[in-house]
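Below is one structure, written out as structure tokens, with a few remarks after it.
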Amino acid sequence: MEDFLTRQYPVGNDDFVKIRKQGQLYVDKTELIWRMINLSEWIFLSRPRRFGKTLLTSTLQAYFEGRKELFEGLAIAEHTKEWVKYPVLRFNMSEVKDVPIDQIQSRIGRQLKGYESIYGRDDDDMMPGARLAGLIERAYNQTGLGVVLIFDEYDAPLLNKLDNQELLAKTRTIMQEFYGPIKSCSAYERFTFITGITKFSQLSIFSTLNNLNNISMLPQFAALTGFTDEEIDTVFRPDIERLGRTMGVGYDEVRGMLRKRYDGYYFTEAKVAVYNPFSLLSAFANQKMEDYWFKTATPSFIFKVMQRYKTDITSLERLLAPADGFDVPTEAMTSALPLLYQSGYLTIKDYDRETNIYTLDFPNLEVRTGFVKGLTQTYLGVESADTQVGFALKFWQALRKDDIELALREMKAYMAGLPYVEGFKKKLGEVSTAEGFYEWTFYIIFSMLNVYVRTQVKCIKGRIDILIKMPDTIYVMELKLHGTPLSALKQIESGDYGVPYSTDGRKVVKVGIRFDMTKLAVKDWKVKFE
């Protein structure tokens, strides 16, 4: 058996050739790769960043280049009778992600140049698309074999421009020209594979390419990237045991912690959950559980798009939506939901076949925590979440002790230091009341601690402004800018806001809070214990 203490984890290494040659850990996905290759000659796959797309394209390149020795012991080797060396043109479009628009073509040209050194170039071909078309035809004529085209992160040049329609349109035009030969040169091609995060329509990006098979939500390919529970319990069992010894806890406890933090991605209606591969491998390599996915990058364009569509951040948990509400082309978005799903911030949690309705939610603790931290910068206007975390911890500790008076004093001190509500409203647009300002603030800061907090919770006779659930107590809160804390309590009583929780087994505490908008502070409150 392999000595797991000497295992090399391919953290940051998405090159299949290097992984196999250096003896790094590789979870065999080649059975699914074989099925994919034999499904169609035109494949598109959408997955979030850091989810193994580049490793997948690297594996495909090595396979179609006929590098048999690299696949010894893997499932695909049993299916392959003849290893053929096809000409492969693989482009990593993430290299074009953050460059100015006037440099996009030259950056693409650098990648084209490497293949032109092999297959030659017609000096009359100036534009990237024309150069690609020439490469495809020459590679076919020189080898007599169909060309394999691989485009990794096809949408990378477009993502950071989603909030700027003028730049997006110009970039789209450039990419249309480059991707054009995929269809026009199809007679010379053996296999085409395209990956990305978002889903731009075929018409807007790939012109006349109308035979692209999108496998992103097909159940049979749910585990093509990411790690399943079965793989965790077999391939990674010794790694979990080692991490448990480092942390001083047992196997089952570590297993549960890993599941809660990194598992929970469902890309199809099938009940196949997968772990974030980058985060899981990082945890094993570092012998420490952290939010690794967000350490690599926090895409600011997502929060900008959320602001553009005035997204209600408190509505994103257990969100019901039809497929055409979130699995739609990016340029056809009428809300930020498709982008939040395709980028991995929300995932499928349930599916109702009768209504064809999906339930979307945050995949796991890592994503939820990182997402909320991003919200603090975008919506609360702070560079660091430390202040919010500090207050939330004090408030939470007071609630754990059932000391609601101390908790509210902490809240009063904290609220006095928040940015002016009008500036907040300009950012959000959708929040039309100062109560909304406080509701969203509560949601953000308590979500950072993974405390159960909900705003505008529907009841038979109205809506609860803020609902907080602790292990032993449920807090029902009503916020008022006008009136008194007593009137807020009366609203809770008359609306029967606490009734749904009367049989929960936990103590129900009703809290009426009045805010003083002249000082932007909590003025006073009244508490009633059930």
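Remember, predicted model here, so these are calculated numbers, not experimental data.
Shown here for M36 and F193, the closest heavy-atom pair between the two residues is SD-CE1, 3.5 Å. Between V328 and P338, the closest heavy-atom pair is CG2-CG, 3.4 Å. D28 and L74 get closest at one heavy-atom pair: OD2-CA, 3.4 Å. Shortest non-hydrogen contact noted between I136 and C185 is CG2-CB, 3.8 Å. For Q342 against K199, the heavy-atom pair with the smallest separation is OE1-N, 3.0 Å. Of all heavy-atom pairs between D263 and N364, the closest is O-ND2, 2.8 Å.
Every residue was checked against the salt bridge (charged side-chain N to carboxylate O under 4.0 Å, His left out) condition with E65, not counting sequence neighbours, and none meets it. Scanning for side-chain contact (heavy atoms from CB on, under 4.5 Å) contacts around R110 gives R107, with sequence neighbours left out. For the side chain to side chain donor-acceptor pair (under 3.5 Å) test, no residue two or more places apart in sequence or in another chain qualifies with S335. By the side-chain contact (heavy atoms from CB on, under 4.5 Å) test, T80 is found to be paired with W34, Y63, I76, W83, residues two or more places apart in sequence or in another chain being considered. Checked against salt bridge (charged side-chain N to carboxylate O under 4.0 Å, His left out), K349 has no partners two or more places apart in sequence or in another chain. The salt bridge (charged side-chain N to carboxylate O under 4.0 Å, His left out) test applied to E317 returns R368, R454, not counting sequence neighbours. Partners of S46 according to the side chain to side chain donor-acceptor pair (under 3.5 Å) rule, which considers only residues two or more places apart in sequence or in another chain, do not exist here. Residues meeting the salt bridge (charged side-chain N to carboxylate O under 4.0 Å, His left out) test with K161, sequence neighbours left out: none. Remark: D291 engages R261 in a side chain to side chain donor-acceptor pair (under 3.5 Å) (not counting sequence neighbours). Residues forming a side-chain contact (heavy atoms from CB on, under 4.5 Å) with A323 (at least two apart in sequence, or on another chain): Y358.
To the nearest 0.5 Å, the span separating CG on D155 from OG1 on T198 amounts to 3.5 Å. Taken from CG in L258 to CG in L365, the straight-line distance is 12.0 Å, to the nearest 0.5 Å. Separation of atoms CG (L281) and CD (Q8) is listed at 13.0 Å; rounding is to 0.5 Å. From Y351, atom OH reaches atom CE of M217 across 8.5 Å, with rounding to the nearest 0.5 Å. Within the model, atoms OH of Y345 and CG of D361 stand 15.5 Å from one another, a figure rounded to the nearest 0.5 Å. One distance of note links CG of N214 with CH2 of W42; it measures 15.5 Å at 0.5 Å rounding.
I215 has its side chain within reach of L39: a pair of non-hydrogen atoms, C-beta onward, lies under 4.5 Å apart. Looking at F16 and K21, their side chains never come closer than 4.5 Å, going by heavy atoms from C-beta outward. Contact annotation: the side chain of V453 never approaches that of L467 to less than 4.5 Å [non-hydrogen atoms, C-beta and beyond]. No side-chain heavy atom of K97 sits under 4.5 Å from any side-chain heavy atom of P157. Within the 4.5 Å cutoff, the side chain of I194 has heavy atoms near those of the L212 side chain. Side chains of L132 and I108 form no contact here, defined as non-hydrogen atoms less than 4.5 Å apart. L162 is not listed as a side-chain neighbour of K304, based on a closest heavy-atom distance of 4.5 Å or more. Contact of the R67 side chain with the R20 side chain is not registered, since no non-hydrogen atoms from C-beta on lie closer than 4.5 Å.
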(message) Please evaluate residues E153 and R49 with respect to the criterion salt bridge (Lys or Arg N to Asp or Glu O under 4.0 Å), reporting the C-alpha separation (whole Å), side-chain torsions for both, the decisive distance (0.1 Å), and the verdict.
(response) CA-CA 9 Å; E153 305 284 9; R49 63 183 181 85; over 6 Å; no
(request) Just do the side-chain contact (heavy atoms from CB on, under 4.5 Å) check on R35 and L224 with the steps written out, would you? (result) CA-CA 10 Å; R35 296 179 194 175; L224 184 58; over 6 Å; no
(request) Mind running ring pair (Phe, Tyr, Trp, His ring centres under 6.0 Å) on F51 and F278 for me, showing each step along the way? (result) CA-CA 7 Å; F51 235 92; F278 177 78; over 10 Å; no
(message) Checking I197 against R47 for the side-chain contact (heavy atoms from CB on, under 4.5 Å) test, could you report, in this order, the C-alpha distance in whole Å, the side-chain angles of both residues, the deciding distance, and whether it holds?
(response) CA-CA 5 Å; I197 294 177; R47 287 292 185 267; over 6 Å; no
(request) Under the side-chain contact (heavy atoms from CB on, under 4.5 Å) rule, what do T57 and T195 come out as? Steps first, then yes or no, please. (result) CA-CA 8 Å; T57 61; T195 79; 3.7 Å; yes
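Separation of the F227 and F236 ring centroids falls under the 6.0 Å cut-off. Taking the six-membered ring for Trp, F371 and F362 have ring centres closer than 6.0 Å. Ring centroids of F221 and F267 are separated by 6.0 Å or more, keeping the two rings apart. Under the 6.0 Å cut-off for aromatic ring centres, Y262 and Y275 do not qualify, their centroids lying 6.0 Å or more apart. Taking the six-membered ring for Trp, F44 and Y154 have ring centres closer than 6.0 Å.
Remark: R90 fails to qualify as a cation-pi partner of Y115 under the 6.0 Å distance and 45° angle criteria applied to the six-membered ring.
Taking the charged nitrogens against the carboxylate oxygens, K29 and E231 do have a contact shorter than 4.0 Å, which makes a salt bridge. A salt bridge between R259 and D229 is present, with a side-chain N of the basic residue lying under 4.0 Å from a carboxylate O of the acidic one. Using a cutoff of 4.0 Å between basic side-chain nitrogens and carboxylate oxygens, D152 and K53 are not scored as salt-bridged.
With hydrogens and angles disregarded, a donor-acceptor distance shorter than 3.5 Å links the side chain of T311 to the backbone of M306. Side-chain N or O atoms of R50 include none that pairs as donor or acceptor with a backbone N or O of Y292 at under 3.5 Å. Put simply, the side chain of Q111 gets close to the backbone of N92: a donor and an acceptor are under 3.5 Å apart. T347 places a side-chain N or O within donor-acceptor distance of the main-chain N or O of Y266, the cut-off being under 3.5 Å. At distances below 3.5 Å, at least one donor-acceptor pair connects side-chain atoms of T59 with backbone N or O atoms of L55.
For the pairing with Y26, the side-chain contact (heavy atoms from CB on, under 4.5 Å) check across V235, L70, I19 returns one residue only, I19.
Side-chain atoms of Q24 and N13 form a donor-acceptor pair, as typed in the model, at a separation below 3.5 Å.
Under the salt bridge (charged side-chain N to carboxylate O under 4.0 Å, His left out) criterion, no residue pair touches residues 37-46, with sequence neighbours excluded. Counting only residues at least two apart or in different chains, salt bridge (charged side-chain N to carboxylate O under 4.0 Å, His left out) contacts with residues 72-82 are absent.
The neighbour count for Y475 OH, taken as heavy atoms of other residues, nucleotides or ligands under 6.0 Å away, is above 12.
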